[in-house]
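Keep in mind that what you see is a predicted model, and the values were worked out from it rather than measured.
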Amino acid sequence: MSDLRGNAPGAGGLSERNRTVGILALAALAWIGAYALNEYLWDAIVGWLGLNLEVRAVGAIHFFCYDTVKILLLLTGLMFVVGMLRASLDLDKARDYLQGRGLFVGLVLAVVLGVVTPFCSCSSIPLFIGFVAAGIPLSITLTFLIASPLVSEIAAITIGDQFGWGIATAYVVAGSVLSLVIGWIFARLDLSRWVEDMVFTTKVAQLRAEGHVPTLAERAGAALAETKDIFRTVWLWVVAGVAIGAGIHGWVPADLFASVAGPGNPFAVVVATLAGVPLYVNGAGVVPIAEALWAKGMSLGTVMAFTMSTIALSIPQAVMLRRVLKPPLLAIFFGTVAAGIMLIGFLFNIVG
């Protein structure tokens, strides 16, 4: 146990390190197994009970159970990994690296990371919390939070298959540019005052502040304690957010949007953007809906605005983010992203 007290590691320290590595490996396997089995488990339960997923109530409950477990697993797993990284790396050097290469490089890296992480608008929040707590500039972390769901590689592939690869490329470019521009705007504003204090007062931050190089057991202990603290703080918001999303997922009809944002409405892009927010569908699920709306005569820009708002903004996301962002920043974030999506929709309509 000498390692846990920060003493020089000897034979006991080596034994403690090996034990910690073994526990971490078993925990990782258990997490991977739980995440992989999540969807199959709820599908199996529905089958065992002889229920029909086409029934709205059944579909909504299935959606709630699956998505709640998925996001809570992501929350615990990603927060622990980020906590370990923060406790292991010299964050001052990381910040100096980003600052030395300028804001633009940091924003580009945030967009790239957002594009390659297959997260929905809610699932990207755990990484966002970890980045903010690590001291990464808020403009960069918010850029990631925009790009991660907005520029969905799954949506891009599906759009390419359904609409054509030229449109898919335009979608990726437009979403990436929008994320960069909003990040650049945010960098000019003092937004950190509107981040909740709980994000900054974490166990890992306290560990690094003690001025010594923590052992593996200390890093794991601090990351675990931090994960527990954040989990206790946000789990209820996650459940509430997914419950709202499940209700919308089960009872809001897709045909509603075709009727209110058709080609005869000059404000169709605005209506489609706002109407897409409560739908709460991932990139793979929204493209078939978008294709049906396009087939009914909706213009391409309106369809793209609907698609982007559906996967980048959601009511459950707002509910979860409220625990870490104060209302002014939450309003700025949603308002700016929604306005940017509307602008893209209008541009697509003009060009198309």
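- Pairing each heavy atom of Ile344 with each of Ala174, the nearest pair is CD1-O, 3.6 Å.
- Hydrophobic clustering places Val172 together with Val112 (ILVMFWY residues linked when any side-chain heavy atoms are closer than 4.5 Å, directly or through intermediates).
- The two residues Leu191 and Leu142 have their closest heavy-atom pair at CD1-CD1, 4.0 Å.
- The shortest side-chain heavy-atom distance between Thr143 and Phe186 does not fall under the 4.5 Å cut-off.
- Counting heavy atoms from C-beta on, the side chains of Val58 and Leu49 never come closer than 4.5 Å.
- The backbone N or O of Phe144 sits nowhere less than 3.5 Å from a side-chain atom of Ser148 that would complete a donor-acceptor pair.
- Residue Leu329 forms a side chain to side chain contact (heavy atoms under 4.5 Å, CB included) with just one option from Leu321, Leu138, Leu189, and that option is Leu138.
- In this structure, CZ on Phe333 lies 6.5 Å from CG on Leu313, to the nearest 0.5 angstrom.
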With side-chain contact (heavy atoms from CB on, under 4.5 Å) as the criterion, how do Leu109 and Leu113 come out once you've worked through the C-alpha distance, each side chain's angles and the decisive distance to 0.1 Å? CA-CA 6 Å; Leu109 290 175; Leu113 180 61; over 6 Å; no

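- Put simply, CD1 on Ile332 and CD1 on Ile182 are 12.0 Å apart, with the number rounded to the nearest 0.5 Å.
- Inter-residue side-chain proximity for His62 and Asp43 is flagged as met; some heavy-atom pair is nearer than 4.5 Å.
- Looking at Leu103 and Arg188, their side chains come closer than 4.5 Å, going by heavy atoms from C-beta outward.
- Of all non-hydrogen atoms in Val195 and Lys326, the two that sit nearest each other are O-CE, 4.0 Å.
- Between the Ser309 side chain and the Phe306 main chain, a donor and an acceptor come within less than 3.5 Å of each other.
- For Thr76 (side chain) and Leu73 (main-chain N/O), a donor-acceptor pair under 3.5 Å exists by modelled atom type.
- Residue Ile61 is not grouped with residue Leu72 when hydrophobic side chains (ILVMFWY) are merged at heavy-atom distances under 4.5 angstrom, including chains of intermediate members.
- For the pair Ala110 and Ile140, the tightest heavy-atom approach, listed with the atom from each and the gap, is CB-O, 3.4 Å.
- Hydrophobic clustering of Ile, Leu, Val, Met, Phe, Trp and Tyr side chains at less than 4.5 Å, counting indirect connections, keeps Tyr40 apart from Trp42.
- A pairwise comparison of heavy atoms in Ala268 and Thr302 identifies O-CG2, 3.6 Å as the closest pair.
- Here the OG atom belonging to Ser176 is positioned 11.5 Å from the CD1 atom belonging to Ile146, to the nearest 0.5 angstrom.
- The structure places CD1 of Ile159 at 4.0 Å from CE of Met304, a figure rounded to the nearest 0.5 Å.
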Let me see the working for Trp48 and Ile45 under side-chain contact (heavy atoms from CB on, under 4.5 Å), right down to the final yes or no. CA-CA 5 Å; Trp48 292 336; Ile45 290 175; 4.2 Å; yes

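- Gly160 and Trp165 make their closest contact through CA-CE3, 3.5 Å (heavy atoms, listed as atom of the first residue, atom of the second, distance).
- With hydrophobic clusters built from ILVMFWY side chains whose heavy atoms lie under 4.5 angstrom apart, Tyr66 shares a cluster with Leu41.
- At least one side-chain heavy atom of Leu224 sits less than 4.5 Å from a side-chain heavy atom of Phe80.
- Residues Met342 and Leu274 meet the side-chain proximity criterion, which asks for heavy atoms closer than 4.5 Å.
- Side-chain contact between Leu107 and Val111 is absent, with no heavy-atom pair separated by less than 4.5 Å.
- In this structure, Phe346 and Val270 have side chains that are in contact, with non-hydrogen atoms separated by less than 4.5 Å.
- There is a path of hydrophobic side-chain contacts, each under 4.5 Å, that joins Leu145 to Ile185.
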